Each structure stands twice: as structure tokens, then as C-alpha cells.
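Take a look at the structure below.
A note on names: the letters A, B, ... follow the listed sequences, proteins ahead of strands, and every chain is numbered from 1. Here the structure is a predicted model, which means the values were calculated and not measured.
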Amino acid sequence: MEKIDVITGTTAAAIGAKLANVEVIAAYPITPQSECVEVLAKFIADGEFDAEYIKVESEHSAMAACIGASATGVRTFTATASQGLALMHEMLYIASGMRLPIVMLNTNRALSAPINIWCDHQDSITERDTGWIQIYAKDNQETLDSIIQAYRIAEDEDILLPVMVCIDGFILTHTVEPVSIPDEKKVRDYLGIYEPKHAYLDPDRPITQGPVGVPECYMETRKHIWDAMERAKKVIKRVNEEYYEIFNRRYGNGLVEGYNLENADTVLVAMGSVCGTIRYVIDKLKEKGKNVGLLRIRTYRPFPKEEIKEMLEGVENVGVLDRNVSFGFNMGALGTEMLATLRDKKICNYIVGLGGRDITPSNIEEIIRHLEKCEDVETKWIGLKE
Amino acid sequence: MIEIRFHGRGGQGAVTAAKILAKAAFYDGKYSQGFPFFGVERRGAPVMAFTRIDDKKIVIRSQVYNPDYVVVLDPTLLDAVNVVEGLKEDGVVVVNTTKEELDLGFKTYTIDATGIALDILGVPIVNTTILGAFAGATKLISLESLKRAILDTFKGKLGEKNAKAAEVAYRMISEN
């Protein structure tokens with residue numbers, strides 16, 4: 001039996017990193033930072049587990065330290081949010097370009113200005129093209145499980161890409177709820193000790209990593225990341241099933257998770273914790289004889305195009321919720337990608353919950369009412385003040 | 001699903017109260033969530049925190065707008081904020097006050113939690129005391145689970161004192 005504790009999302013992530021037996025943690029407490037690295041610091045100070053904890057002077061350096069550590073072939077972890085993630089931006093490309101299996105928790109929060117520490121997805125969506133795998137968890141249990149799975153995915157020899165586990169700031173990070181904590185030995189057996197088969201920095205076998213990529217080879221390095229991202233779909237699905245076999249929990253097929261999709265003409269597509277509130281509304285509507293479905297995108301990168309097409313076949317009304325906005329194109333990022341994926345369908349896009357604006361059940365009901373009447377591709381802001 | 005809203009002032013432990021209640025409900029075999037109002041926190045300013053309790057897994061993630069119960073940690077808040085805003089018609093209020101009766105338009109229990117806390121803890125931190133009163137008034141959670149959740153949160157002697165304060169308030173309100 002797994003032990004269950006009532007904990008926050010950030011504590012769940014910290015426990016995930018501890019169970020994964022990470023060897024190096026680098027962190028800087030920029031505003032807003034998450035409690036995650038504090039919890040890890042306490043674990044180490046209390047002697048609960050042994051890892052090298054590097055206190056750096058910025059988030060840029062936190063990622064640089066993780067890159068250096070990971071390049072020597074050890075398991076590394078860090079956590080950040082909003083401005084901190086933005087400050088890491090150039091290092092994110094270096095992590096993926098050097099094909100380093102770093103795992104990072106990003107607690108999704110808005111970007112300034114105006115200064116705002118509350119939830120939206122602008123921070124991680126902005127980093128979508130950095131070559132990082134992005135997993136969006138819906139609750140604290142999935143947060144813990146995703147951190148463990150992330151190492152399995154990142155360290156797979158066919159992948160070797162960094163993974164960002166994204167959880168909604170405050171909504172998951174500051175909320176306690178029951179979380180099953182996997183047995184430490186079982187996790188250690190599952191993940192094993194990280195012993196890279198590829199070349200890593202070792203004084204006994206001197207090599208160079210991250211050198212100049214001249215025009216004769218740079219383009220191929222991009223294509224390799226592209227291919228690894230494509231292969232990641234298969235690996236993420238496999239890991240989801242392996243995890244289910246051992247720990248008895250799975251999240252859809254690993255890439256997407258459907259709810260009440262059968263016979264639903266109207267389906268909402270979303271990422272993160274709002275999927276819980278959508279589910280709550282779907283259950284209420286079902287009691288009244290109304291059928292609405294939910295398609296939760298768990299991995300934004302790689303983007304599960306094939307699965308989305310398959311699962312939304314025959315669905316008439318597709319409403320896409322975005323907790324981010326692409327200024328100038330005037331849609332949210334998920335909206336534009338759904339539009340590109342489902343070219344023959346009517347997609348209505350809803351901008352919601354920016355900078356911590358609460359997304360209430362009545363907001364979701366409003367979206368469903370609008371979606372059923374909406375005739376063409378349209379973007380609508382929900383929850384704006386009159 | 002039962003929703004509880006806590007009103008306190010920054011630094012009084014309203015958020016901790018919401019989290020302890022969530023844990024106590026879990027020990028009673030229920031599903032639960034405990035979280036603060038997602039706003040700006042300042043010492044002394046009015047703050048809110050919430051707990052949800054249900055027999056099935058709780059999936060809703062919005063803030064609480066129509067609570068079943070309201071718990072007020074600081075009597076001065078009664079003049080500063082509308083503590084019963086959105087409270088369900090048959091809702092119940094538990095208030096820390098030295099007054100024996102209060103007319104808030106809802107079924108209301110009063111307890112001198114500050115007095116009990118000063119007596120047992122030696123400091124006017126009332127979150128555990130008022131949780132005892134809440135459990136005694138509503139019987140929504142058992143005293144055993146509440147004490148267990150308190151002992152998890154505060155270690156050693158501090159935990160024991162807080163558990164005792166909760167028990168005193170529980171018995172006081174149950175006897176009235």
C-alpha cells in the first residue's frame with residue numbers, strides 16, 4: 001500500500017525529485033519562486049536524502065549549473081516560474097541542444113508587467129520551441145507521478161531531451177490534497193541509477209560538449225531534436241503504461257486524456273488544472289441530460305496531432321481554452337495549433353484565467369453556451385470585467 | 001461537497017487552519033482540498049482560506065463563492081468585511097468572540113478562542129482552537145482526526161498544546 005499524505009503540488013514535485021534520487025539540484029529564489037526547492041533543501045538539511053544542492057545567483061545560472069552537472073552524466077533537477085523561466089530562456093536551448101535529460105518543475109505564473117505572481121501559462125508557452133518536452137499536470141498526484149516519469153522519458157537513449165513539468169501556480173502549488181506517495185524502493189528500481197551510455201564529461205576521457213556547430217552540421221542537430229521529439233510520443237505512451245503496471249496510475253494514453261467523449265458533439269480542449277473544473281461542469285450537465293466532452297492535452301510538446309484528430313473525429317463543436325495569448329495573431333497558442341491540426345473543423349478559442357483570474361464553473365458554462373452557437377472560427381475573452 | 005471559508009488576518013494562521021481541516025477530513029476517510037485565497041498576503045490584512053470536503057475525489061479548482069460554513073478567526077473582521085457573503089441559506093458561522101450571542105442572520109456559534117489560546121498556548125494564535133470549536137459545533141470532522149492533523153502540523157510540545165486547545169474548545173462548544 002502506498003502512503004497517502006495531504007500535500008501541496010510543490011511538495012509533491014519535491015517528493016518526486018527525491019524519489020527519483022536526483023544527484024544535483026540548482027536553484028535561485030527569484031520572485032516568484034516555488035516552495036519546491038525549499039522543500040528539497042529541507043530534505044537534504046534533515047539528512048533525508050543526499051544530493052548536491054547548488055545555490056546560484058540567478059535562474060540563468062540555475063539552468064547553467066544543471067547543464068554543467070547533467071553534462072557530467074548525473075541526474076539533475078531544478079524548479080522555476082514566470083520571470084525565472086524567462087531569464088533561463090537562452091539556457092533552455094543549450095540544454096536541449098546538448099541533449100541533456102534535465103527535469104524541471106515550472107509552476108505556471110504570469111509574466112510582468114504589470115507585476116503579477118498568479119497563474120497563467122504564458123511563461124511555459126513562450127518556451128514551446130526550445131526543444132523541451134512539456135507535460136501539463138492536472139492535480140498534485142499527477143505532478144508527483146510526472147516528475148518520476150519525466151526522468152524515464154528524458155533519459156531514454158532514443159530521446160535525450162530535457163522535460164519541463166508544468167503545474168498551475170497557486171491552484172496546484174498552494175493547494176493541499178491527498179497524494180499517494182510511491183514506495184521509494186519501487187521508484188528506485190523503476191528508474192535505476194542514471195548511467196548514461198552516451199559520451200559525458202569525464203576527466204579520464206576528455207571530450208568537448210556544446211562546441212561550435214558550423215553551417216555544415218548545425219541544421220542536422222536541429223533535425224535530430226525534431227526526430228527525437230517525434231519519437232518521444234511513443235516513449236511517453238510506453239512510460240505511461242509501464243507506470244500503470246507498477247504504480248497503478250495512468251493519465252490517458254500519456255499524451256492526451258479524454259473524459260466523456262463518447263457521443264459528445266461538443267468538446268472542450270484544455271491543459272492543466274482547469275480540466276478539473278471542466279470535469280465538474282460536465283458531470284453537472286450530465287445530470288441534466290446534456291453531454292459535453294473534455295480532451296485534455298497532457299503533452300504540449302510533443303504535440304499529439306494524430307491522437308487529437310482521432311479522438312475528435314465526428315465532433316461538431318470544438319472549444320479550446322487558452323491561459324495565454326499570442327498578441328497580434330489574436331488567438332491563444334493552443335487555439336492556433338488546434339486550428340492547424342483540425343483544418344476541417346470549426347474551432348472556437350477562449351482566452352481565460354490570465355494573471356490569476358479565477359475560472360469558475362459559470363465561466364465554463366458560458367463557454368459551452370457560446371460554443372454551441374458559434375458559427376465560425378472565433379476568439380473570445382471570458383471573465384473580463386464589464 | 002462541503003465548502004468552508006476561513007476569515008482571518010495575515011499571520012493568524014487561517015491558511016494553516018484550512019490545511020489542517022483538509023488533513024483531518026482525510027483522516028476521517030474523506031477527500032479534501034485546502035488552499036488560501038490567491039491574492040496578496042500582508043500581515044494584519046484580512047485574508048481568506050478555504051477547505052473542500054467530499055466523499056468522492058474533488059476535481060473543481062475554482063475559488064469558493066458559496067460556502068456551507070464560515071469560520072471567523074478575528075472578531076474585528078465582523079466590522080471590516082462581510083463574512084457571510086455568499087453563504088448558503090442554511091449556512092453556519094463559527095466566530096471567535098467574547099460575546100455570547102451575535103446576530104449575523106445565520107445560525108452562529110461563538111467561542112472565546114483568544115481566551116483559550118492565551119490560557120493554553122500563551123499566545124493569541126487561535127487557528128487550532130477555533131478548529132476544535134468548529135468540529136464541536138458541526139461534527140463535520142472527528143476530534144481524533146483533528147488532533148492527529150494538528151500533531152502532524154506542529155511538532156512536539158507545541159503540537160500537544162495546540163491539540164489540547166482544540167479539545168478544550170471542542171468540549172466547551174459541545175456542552176453548550
Side-chain angles (χ1 to χ4, degrees), chain A residues 3-9 11 32 46 109-110 115-120 137-142 167-180 259 270 272-284 294 296 323 352-353 355-365 383, chain B residues 1 3-6 10 13-42 47-67 86 127 131 141 145-146 148-153 155:
Chain A
K3 178 182 175 284
I4 300 175
D5 204 354
V6 182
I7 52 174
T8 61
T11 302
D46 291 349
R109 298 176 185 233
I115 296 169
N116 180 299
I117 58 167
W118 294 273
C119 177
D120 74 29
K138 68 172 187 298
D139 57 25
N140 294 353
Q141 183 70 61
E142 188 179 358
I167 68 170
D168 285 340
F170 283 98
I171 303 164
L172 297 186
T173 60
H174 287 55
T175 297
V176 296
E177 61 185 4
V179 174
S180 269
Y259 184 69
S273 68
V274 73
C275 293
T277 305
I278 295 173
R279 234 181 104 159
Y280 175 82
V281 173
I282 287 174
D283 290 346
K284 292 263 170 214
L294 164 68
R296 180 169 76 92
R323 222 168 190 150
V352 292
R357 182 66 49 86
D358 198 21
I359 307 174
T360 64
S362 55
N363 290 149
I364 304 298
E365 285 162 13
Chain B
M1 183 168 61
E3 295 180 314
I4 301 111
R5 184 172 69 210
F6 290 85
V15 178
T16 306
K19 291 182 175 180
I20 291 173
L21 181 56
K23 197 157 201 185
F26 167 71
Y27 285 143
D28 274 344
K30 304 279 176 68
Y31 286 93
S32 59
Q33 271 181 1
F35 55 100
F37 172 73
F38 306 144
V40 180
E41 292 159 34
R42 284 165 303 149
V47 297
M48 290 191 287
F50 312 97
T51 306
R52 287 191 171 107
I53 301 172
D54 205 349
D55 293 324
K56 56 179 197 295
K57 188 172 159 66
I58 299 167
V59 292
I60 188 170
R61 294 287 172 186
S62 68
Q63 305 249 316
V64 170
Y65 297 95
N66 300 110
N127 53 2
L131 279 174
I141 47 161
S145 295
L146 176 60
R148 193 174 155 200
I150 289 171
L151 291 170
D152 278 353
T153 310
K155 301 292 170 212

Point to revise | Heavy atoms of other groups near B:K56 NZ, more than 12 under 6.0 Å | key: no
**Study point:** Heavy-atom pair count under 4.5 Å with chain A, highest-scoring of B:D152, B:I60, B:I58
**Key:** B:I60
Review point. Does the side chain of A:D5 reach to within under 4.5 Å of the side chain of B:K23, using non-hydrogen atoms?
Key: yes
Review point. Of all of A:G169, A:C275, A:S273, A:G276, which one pairs up most often with chain B through heavy atoms under 4.5 Å apart?
Key: A:G276
Point to revise | Crowding at CD1, A:I115 (>12 non-hydrogen neighbours, <6.0 Å) | key: no
Practice item. Identify which part of B:Y65 has an atom lying under 4.5 Å from any heavy atom of chain A, answering side chain, backbone, both or neither. Key: side chain
Practice item. Below 4.5 Å from any heavy atom of chain A, which atoms of B:F38 appear? Answer side chain, backbone, both or neither. Key: both
Point to revise | Least distance between heavy atoms, B:S62 atom then A:T360 atom | key: CB-CA, 3.9 Å
Review point. Which pair of heavy atoms, one from B:S32 and one from A:P178, lies closest together, and at what distance?
Key: O-CD, 3.2 Å
Revision key, fill the gap. From the list A:D168, A:I359, A:L172, side-chain contact (heavy atoms from CB on, under 4.5 Å) partner of B:R61 resolves to A:L172
Point to revise | A:D139 and B:K57, any side-chain heavy atoms less than 4.5 Å apart | key: yes
**Study point:** Max heavy-atom pair count under 4.5 Å with chain B, selected residue of A:V176, A:T277, A:V274, A:V281
**Key:** A:V176
Point to revise | Pair B:V59-A:K138, side chain to side chain contact (heavy atoms under 4.5 Å, CB included): steps then yes or no | key: CA-CA 9 Å; B:V59 292; A:K138 68 172 187 298; over 6 Å; no
Review point. Between atom OH of B:Y31 and atom CD of A:E177, what is the distance when rounded to the nearest 0.5 Å?
Key: 11.0 Å
